[in-house]
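The sequence lines fix the lettering, A, B, ..., with proteins before strands; numbering per chain opens at 1. Note that the coordinates shown come from a computational prediction; the quantities given were computed from them, not determined experimentally.
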2 protein chains.
Amino acid sequence: MSAEVWKEYESNEISHSVAHHLAAIYELMRDQGYARVSDVARALDITRGSASLTLKALKAKGLVVEDHNKFLKLSEEGKGIVDAILGNRAIVRKFLKDVLKLDEQRAEIDACKVEHLLSAQTGVQLLHFVRFLFSADPIAKQFLTEFWERSEEDILSGDLLESVTSLLDAEK
Amino acid sequence: MSAEVWKEYESNEISHSVAHHLAAIYELMRDQGYARVSDVARALDITRGSASLTLKALKAKGLVVEDHNKFLKLSEEGKGIVDAILGNRAIVRKFLKDVLKLDEQRAEIDACKVEHLLSAQTGVQLLHFVRFLFSADPIAKQFLTEFWERSEEDILSGDLLESVTSLLDAEK
DNA sequence: GTCAGATGTTTTATTAATAAAACATCTGTA
DNA sequence: TACAGATGTTTTATTAATAAAACATCTGAC
């Protein structure tokens, strides 16, 4: 793997922590109508001091704006970022849970870990795919039924890398 | 989202950096037969000093072992971890590139970002899924053909979160 | 009006991963 | 043999995200 590719990770503008600070504001606004530093800290289970510092940085970056009364909200740019992240989370979770049939908890955790790292294109394409999978199209219905049936028998032996490698090799 | 879920991220035993140090050793061993601190540093495009410190920690954790001549290799545990990570990378990349039809570079970068974060169960289930998709089964073939045909017209309007939300709501 | 409790900020410290620079060691060539 | 170049380590500094503790401010109950 090339160094340019692996170093993309660090250049990700939105860290996991930042993603969740922004998402917390979004959810607090939606659920209780307002969001203060303390509310964010409580929601994320971190200290107020920590939230205060991270949110100060986000205000400086223009992703979060503050009321005359210290009430926080997302800027337009902040909203756009949260939208992409929560969109990715929702579609990945659905795919893992309802297509791959991972248990709820696993799907939730994995989706939460990758939501801020997947590109918007990936989210959009996955949405297309899942939408077609669950559409009324008989081929899609048949495909899903057969996949799930088959999953019950088909138990993987050996290690993952080897299995994937042989799948990839088989194509050529 | 619950705090227990989002904090799982930090508790991930393998960071992106560690994942790539381990993978570099694996690939160097495979490609040139040996791996030293300098080789790893060069492969990752970081300084020798940095690689030295990170690898020291990995030796202390028992994931990497060192020759009498400073040659590095993976322990059994280290091998297991690399196996899971490269397995995840390979299957995610294939899914993104050959099913969702994302361009090569995008698929590579996204797979690289999430490879160490996805659970083994997710990797295994995705492998099952992709294997069936590309199997000789006529339903799978038909399904893929129709999905790709449809993709050409079906352009998404509006924002991702809204589209996913309406997909999710539609089910109930 | 006072005091308790909640809220917000700042300062100090920690951790992981990095760079940079100084230093030590090893190796091969002239 | 001596020196150049590669290799490995250590030390110092930086950054992001955290905790903890000290501090300031605000608010509401009595």
Output one letter per nucleotide in nucleotides 8-15 of chain D: B when a protein non-hydrogen atom lies under 4.0 Å from the base, S when only the sugar-phosphate is that close, - when neither is. BBB-----

B:Ile46 CD1 to C:dA19 P: how many Å, rounded? 6 Å

Rounded to whole angstroms, how far apart are CG on B:Asp45 and P on C:dT18? 11 Å

Gap between atoms NE2 and C1', on A:His16 and C:dA16 respectively (whole Å): 16 Å

Rounding to the nearest 10°, end axes of the helix from C:dG1-D:dC30 to C:dA30-D:dT1 built from five pairs each make an angle of 10°

A:Arg42 side chain near C:dT7 phosphate (N/O to OP1/OP2, under 4.0 Å): yes

Which residue pairs satisfy the ring-ring contact (aromatic ring centres under 6.0 Å, His included) criterion with at least one member in residues 72-99 of chain B, sequence neighbours excluded? A:Phe95-B:Phe95, A:Phe129-B:Phe95

Would you mind reading off the distance between B:His116 atom NE2 and C:dA17 atom C1', rounded to a whole angstrom? 13 Å

Pairwise side-chain contact, A:Leu22 with A:Val64, heavy-atom cut-off 4.5 Å (strictly under): yes

Between B:Ser17 and C:dA16, is there a side-chain N or O to OP1/OP2 distance below 4.0 Å? no

A:Thr165 meets the side-chain contact (heavy atoms from CB on, under 4.5 Å) criterion, sequence neighbours left out, with A:Leu161, A:Asp169

Identify, residue by residue, the members of residues 18-32 of chain A with a heavy atom below 4.0 Å from DNA chain C, and return them in order of residue number, or none. none

Could you identify which residues cluster with B:Val65, counting Ile, Leu, Val, Met, Phe, Trp and Tyr as linked when any side-chain heavy atoms lie under 4.5 Å apart, either directly or through a chain of such contacts? none

B:Lys79: side-chain hydrogen bond (donor to acceptor under 3.5 Å, both in side chains) partners, not counting sequence neighbours: B:Glu76

Determine all donor-acceptor pairs shorter than 3.5 Å in which one atom belongs to a side chain in residues 40-59 of chain A; sequence neighbours excluded.
from, atom 1, to, atom 2, distance (Å)
A:Arg42, NH2, A:Asp39, OD1, 3.1
A:Thr47, OG1, A:Ser50, N, 3.2
A:Thr54, OG1, A:Ser50, O, 3.2
A:Lys59, NZ, A:Glu66, OE2, 2.7

From the list C:dT18, D:dA19, D:dT7, which nucleotide is the closest neighbour of the side chain of A:Thr47? D:dA19

What pairs with B:Tyr26 under ring-ring contact (aromatic ring centres under 6.0 Å, His included), at least two apart in sequence or on another chain? none

Looking at residues at least two apart in the chain, or sitting in another chain, which of them share a side-chain contact (heavy atoms from CB on, under 4.5 Å) with B:Lys101? B:Trp148

Tell me, which pairs form a salt bridge (charged side-chain N to carboxylate O under 4.0 Å, His left out) where one or both residues lie in residues 19-34 of chain A, sequence neighbours left out? A:Glu27-A:Arg89

Just so I know, are the side chains of A:Phe134 and A:Asp98 near enough to count as touching, which here means a heavy-atom distance under 4.5 Å? yes

Linking Ile, Leu, Val, Met, Phe, Trp and Tyr by side-chain heavy atoms under 4.5 Å, what else ends up with B:Tyr34? B:Phe71

